[in-house]
Protein chains: 2
Amino acid sequence: MSDLGSALRAQGKRVTPQRRRILAAVTALAHATPDAVAKAVGEDGGVELPLSTIYRGLEVLEELGFVTHTHLDHHAPSYHLAEHATHIHLVCLGCGRVAEAEVEEAAGFTGNLRSRHGFDADVTHMAVHGWCADCAPDHGPHHGQGPG
Amino acid sequence: MSDLGSALRAQGKRVTPQRRRILAAVTALAHATPDAVAKAVGEDGGVELPLSTIYRGLEVLEELGFVTHTHLDHHAPSYHLAEHATHIHLVCLGCGRVAEAEVEEAAGFTGNLRSRHGFDADVTHMAVHGWCADCAPDHGPHHGQGPG
DNA sequence: TTGAATGCAAAAAATTTGCATATTG
DNA sequence: CAATATGCAAATTTTTTGCATTCAA
């Protein structure tokens with residue numbers, strides 16, 4: 001972590017062990033729900049923190065730009081280091097694993113969006129759903145079978 | 001709507017006015033949360049349906065391939081016609097409006113993912129966040145100010 | 001008639017809020 | 001010492017579930 005302490009101080013906020021622990025947990029987990037962060041904090045630091053502290057901590061961390069969150073699956077929010085957000089998340093609909101692609105790989109695409117729609121895409125927030133190499137063979141059914 | 005009746009029948013499911021109304025509401029709204037669907041159903045058809053019926057109806061409709069859902073914002077699920085899902089959603093972080101881009105515009109990108117990651121992307125489920133032409137000038141702060 | 005769907009209410013989950021106490025600066 | 005965070009519990013919000021009744025086939 002670069003400098004949580006001064007970042008907090010710079011905003012007139014306080015440096016607390018809870019905030020450090022939450023950031024440490026997010027760092028270690030890569031992708032985690034608030035609940036998972038709470039669990040991880042407990043295992044690593046001894047005492048588990050209440051969810052409310054996790055939520056508030058995550059909020060501050062996100063405000064400071066240390067973490068970001070996305071909805072990788074369709075239920076829970078997933079928090080991760082902001083540094084990791086510089087990658088595009090490839091979420092497999094089969095096994096649920098999350099791979100990462102470089103932002104540059106979408107350069108042509110974002111260029112199209114900008115020129116044709118005047119839309120400035122922030123692909124660092126993008127999750128692409130699909131099928132990884134391992135699961136590819138399986139997805140015959142339940143796919144592209146729309147009515148129209 | 002193509003043929004909800006026979007699609008339901010084909011699955012041994014029943015054709016009910018509630019299901020028709022829910023599909024009609026999703027059709028009319030383009031992007032709607034379960035709650036919004038309930039409201040719309042009420043305004044259009046007279047009696048509002050209980051949320052549980054909305055959820056169950058949406059589930060069946062999704063199962064049949066008539067509707068799909070995505071998390072356009074980071075809180076509520078947004079349901080829309082499956083036909084609409086053949087477009088990529090461009091969600092503006094400024095005004096919240098949702099524009100649509102053609103799947104082909106991402107062809108190069110998905111090609112990259114396939115050749116470089118063996119990942120078969122389903123862009124019809126993709127929501128791209130960013131800034132539309134109108135909001136573009138505003139987003140100086142709160143953007144890319146990470147610590148690293 | 002028969003089983004699936006609805007409607008209602010209660011149960012679960014997930015997230016937020018109020019407030020006294022503990023901590024940071 | 002003053003103000004912010006925490007911890008706990010209660011309150012919200014969102015989604016799911018149980019079950020008797022209604023309705024489609």
Side-chain angles (χ1 to χ4, degrees), chain A residues 3-26 31-42 45-64 66-79, chain B residues 3-26 31-42 45-64 66-79:
Chain A
D3 195 357
L4 177 58
S6 50
L8 283 168
R9 210 85 44 88
Q11 303 294 312
K13 297 186 184 305
R14 293 176 180 179
V15 185
T16 66
Q18 289 85 339
R19 286 170 176 173
R20 285 189 198 289
R21 294 216 276 152
I22 292 171
L23 179 54
V26 174
H31 299 290
T33 59
D35 193 66
V37 172
K39 295 285 196 330
V41 162
V47 189
E48 191 166 312
L49 302 180
L51 267 310
S52 58
T53 296
I54 300 288
Y55 278 102
R56 289 191 274 223
L58 249 14
E59 187 179 19
V60 172
L61 258 25
E62 188 158 30
E63 208 178 309
L64 294 177
F66 280 85
V67 310
T68 317
H69 82 275
T70 321
H71 272 79
L72 293 184
D73 70 18
H74 283 172
H75 263 142
S78 174
Y79 285 81
Chain B
D3 194 356
L4 177 59
S6 49
L8 283 169
R9 208 86 43 87
Q11 303 294 313
K13 297 185 183 306
R14 294 177 179 179
V15 185
T16 65
Q18 289 85 339
R19 287 172 175 173
R20 285 189 199 290
R21 295 216 275 152
I22 292 172
L23 179 54
V26 174
H31 299 290
T33 59
D35 193 66
V37 171
K39 295 284 195 330
V41 162
V47 189
E48 191 167 311
L49 302 180
L51 267 309
S52 58
T53 296
I54 300 289
Y55 277 102
R56 289 192 273 224
L58 249 15
E59 188 179 19
V60 172
L61 258 25
E62 188 158 30
E63 207 178 309
L64 293 176
F66 281 84
V67 310
T68 316
H69 81 275
T70 321
H71 274 79
L72 293 183
D73 70 18
H74 282 172
H75 263 141
S78 175
Y79 286 80

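Letters A, B, ... mirror the listed sequences (proteins, then strands); counts begin at 1. Here the structure is a predicted model, which means the values were calculated and not measured.
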Visitor: Take A/T68 and A/Y79 through the test side chain to side chain contact (heavy atoms under 4.5 Å, CB included) and record every step on the way to the result.
Guide: CA-CA 6 Å; A/T68 317; A/Y79 285 81; over 6 Å; no
Visitor: Distance check needed: C/dC19 C1' versus A/R56 CZ, whole Å only.
Guide: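 Distance check: A/R56 CZ to C/dC19 C1' gives 10 Å.
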Visitor: Are the side chains of A/P34 and A/L58 in touch, meaning some heavy atoms are under 4.5 Å apart?
Guide: yes
Visitor: How would you label the contact of A/R19 with the nucleic acid (heavy atoms, under 4.0 Å): base, sugar-phosphate, or nothing?
Guide: sugar-phosphate
Visitor: May I have the distance from A/E48 (atom CD) to D/dG7 (atom C1'), rounded to whole angstrom?
Guide: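 It is 13 Å, rounded to the nearest whole Å.
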Visitor: Nearest whole angstrom, please: distance from the C1' of C/dT6 to the CG of B/L58.
Guide: 15 Å
Visitor: Out of A/V26, A/L23, A/L49, which residue meets the side chain to side chain contact (heavy atoms under 4.5 Å, CB included) rule with A/V37?
Guide: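 With A/V37 as partner, A/V26, A/L23, A/L49 yield a single side chain to side chain contact (heavy atoms under 4.5 Å, CB included), made by A/V26.
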Visitor: Measure the distance from CG on B/D35 to P on D/dT12 and round it to the nearest whole Å.
Guide: 17 Å
Visitor: What is the distance from CG of B/L49 to C1' of D/dT15, rounded to the nearest Å?
Guide: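 Taking atom C1' of D/dT15 as the reference, CG of B/L49 is at 17 Å.
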Visitor: C/dA14 P sits how many Å from A/Y55 OH, rounded?
Guide: 8 Å
Visitor: Quick one: does B/I54's side chain get under 4.5 Å of B/I22's, heavy atoms only?
Guide: yes
Visitor: Between C/dT16 atom P and A/I54 atom CD1, what is the distance in whole Å?
Guide: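 Distance, rounded to whole Å: 13 Å.
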Visitor: Can you tell me if the side-chain N/O atoms of A/Q18 get under 4.0 Å from OP1 or OP2 in D/dG7?
Guide: yes
Visitor: Remember a base hit wins even if backbone is also touched, and classify A/L51 as base, sugar-phosphate or nothing at under 4.0 Å, heavy atoms.
Guide: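 The answer is nothing, as A/L51 stays clear of every strand by at least 4.0 Å.
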Visitor: Hey, is the main chain of A/H69 close enough, under 3.5 Å, to the side chain of A/E62 for a donor-acceptor pair?
Guide: yes
Visitor: Quick one: A/H69 NE2 to C/dT15 P, roughly how many Å, whole number?
Guide: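 These atoms are roughly 9 Å apart.
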Visitor: Would you call A/E48 and A/V41 a side-chain contact if the rule is heavy atoms closer than 4.5 Å?
Guide: no
Visitor: Output a table of nitrogen or oxygen pairs between the protein and nucleotides 21-25 of chain C separated by less than 3.5 Å.
Guide:
| unit_1 | atom_1 | unit_2 | atom_2 | d |
| --- | --- | --- | --- | --- |
| C/dT24 | O2 | A/R14 | NH1 | 2.9 |
| C/dT24 | O2 | A/R14 | NH2 | 3.4 |
| C/dG25 | OP1 | A/V15 | N | 3.3 |

Visitor: Where each residue is assigned the nucleotide of DNA chain C containing its nearest heavy atom, which of A/S52 and B/G57 is assigned the position nearer the 5′ end?
Guide: B/G57
Visitor: Taking B/R19 for its side chain and B/R14 for its backbone only, find out whether a donor-acceptor pair lies under 3.5 Å.
Guide: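 Yes, because the side chain of B/R19 sits within donor-acceptor range (under 3.5 Å) of the backbone of B/R14.
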